Amino acid sequence: MTVSEQFVSILIMMASGVFVAAVIDCVRVTISAISPKSFVKRFTIGLELFIWALLGMLTFYILYITKGGEWRLVDPIAQISGIFLYESIFQRIFRFLGRIVVIIVFKPILILLNLSISVIGKILLIIIRIIMFILSPLRKIFTKPYSKFRSKFGRFIFKKS
């Protein structure tokens, strides 16, 4: 392996460190924004460990692709330096970009979802009211005999002991 190949592999591992730190930061910010009563909040440690394991497998896959699976002591040092690089320089930038993505992408989707759910709910409410209006004469017909039956036999059937 030449010096330029080693330099490129170190840069790739530093970039993977920045990516790992960004993903973990995103997960932690997302979990902290979730309600304490949520199902996900109870399994925070397990979820984070699962994501760390996935990121570790991804890191070894990157090593496999770039260096044929060769692992050197420089690789974890480069990845840890990438994590520190994220914490010191890129964290504000990534969080700002994350807020922009949430505002531009996710908020309109949630607004459209809430709007469609409310429209469907209103349509179902109108359909139910139409059905109740159509059935209202039947309700008036059946409530009168039932009330007479209840007044005559109800005291014997439902008497208190």
Side-chain angles (χ1 to χ4, degrees), residues 1-136 138-139 158 160:
M1 197 175 236
T2 64
V3 174
S4 63
E5 289 174 347
Q6 289 178 356
F7 183 71
V8 169
S9 71
I10 288 173
L11 286 178
I12 290 172
M13 288 308 293
M14 284 181 74
S16 76
V18 169
F19 175 74
V20 164
V23 168
I24 292 299
D25 188 38
C26 178
V27 167
R28 287 180 179 168
V29 167
T30 305
I31 288 176
S32 68
I34 294 175
S35 169
K37 296 178 183 177
S38 174
F39 177 75
V40 177
K41 194 76 165 189
R42 292 185 223 155
F43 299 104
T44 303
I45 295 172
L47 179 66
E48 192 168 334
L49 286 174
F50 178 72
I51 291 173
W52 272 109
L54 285 177
L55 291 171
M57 288 188 288
L58 180 67
T59 300
F60 280 110
Y61 182 69
I62 290 171
L63 278 172
Y64 180 74
I65 288 175
T66 57
K67 296 171 33 170
E70 292 180 16
W71 184 82
R72 297 209 168 103
L73 187 59
V74 174
D75 297 326
I77 293 172
Q79 193 167 24
I80 291 170
S81 65
I83 292 171
F84 288 144
L85 185 68
Y86 172 80
E87 291 289 330
S88 62
I89 296 174
F90 295 124
Q91 186 175 25
R92 291 184 191 101
I93 297 168
F94 273 76
R95 284 189 177 182
F96 176 72
L97 292 174
R99 282 189 212 109
I100 289 175
V101 167
V102 165
I103 290 170
I104 292 175
V105 177
F106 293 118
K107 291 272 183 169
I109 290 172
L110 288 175
I111 289 170
L112 289 174
L113 186 67
N114 286 336
L115 181 68
S116 63
I117 287 172
S118 67
V119 166
I120 290 171
K122 298 286 184 186
I123 291 172
L124 288 174
L125 185 65
I126 289 171
I127 291 171
I128 289 171
R129 285 186 179 171
I130 290 171
I131 291 171
M132 292 304 290
F133 178 74
I134 292 170
L135 295 178
S136 65
L138 295 175
R139 186 178 59 191
F158 302 110
K160 294 180 182 178

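If you read the sequence from its start, that first residue is 1, and numbering goes on from there. All values derive from a computational prediction rather than experimental measurement.
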Residue pair [X] / [Y]: nearest heavy atoms and the distance that separates them:
{"X": "C26", "Y": "T30", "result": "O-OG1, 2.7 Å"}
{"X": "G17", "Y": "I83", "result": "O-CG1, 3.4 Å"}
{"X": "M14", "Y": "S81", "result": "CG-OG, 3.6 Å"}
{"X": "Y86", "Y": "A21", "result": "CD2-CB, 3.4 Å"}
{"X": "L58", "Y": "F19", "result": "CD2-CE2, 3.6 Å"}

Next on the checklist: Does any part of the side chain of L63, heavy atoms only, come nearer than 4.5 Å to the side chain of F60, both counted from C-beta?
Outcome noted: yes
Checklist entry - Going by heavy atoms in the side chains, are M13 and T59 under 4.5 Å from each other? => result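 In short, these two side chains touch, coming nearer than 4.5 Å.
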Next on the checklist: Taking CG in L125 as the centre, count heavy atoms belonging to other residues, nucleotides or ligands within less than 6.0 Å. Is the count above 12?
Outcome noted: yes
Item to check | Value rounded to 0.5 Å, distance of CD in Q79 from CD1 in I62 | outcome: 7.5 Å
Checklist entry - Can you tell me how far CD1 of I24 sits from CG of L55, rounded to the nearest 0.5 angstrom? => result 5.0 Å
Checklist entry - Does D75 reach the main-chain N or O of R72 with its side chain, forming a donor-acceptor pair under 3.5 Å? => result yes
Item to check | Derivation and outcome, side-chain contact (heavy atoms from CB on, under 4.5 Å), residues E5 and T66 | outcome: CA-CA 9 Å; E5 289 174 347; T66 57; over 6 Å; no
Item to check | Candidates I89, V23, L85 - the one meeting side chain to side chain contact (heavy atoms under 4.5 Å, CB included) with V18 | outcome: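 With V18 as partner, side chain to side chain contact (heavy atoms under 4.5 Å, CB included) holds for just one option, L85.
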Checklist entry - Is the closest basic N to carboxylate O distance between R28 and E48 below 4.0 Å? => result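 Here R28 pairs with E48 in a salt bridge, since their nearest N and O are under 4.0 Å apart.
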Item to check | D25 and E87: CA distance, side-chain angles, deciding distance, side-chain contact (heavy atoms from CB on, under 4.5 Å) verdict | outcome: CA-CA 9 Å; D25 188 38; E87 291 289 330; 5.5 Å; no
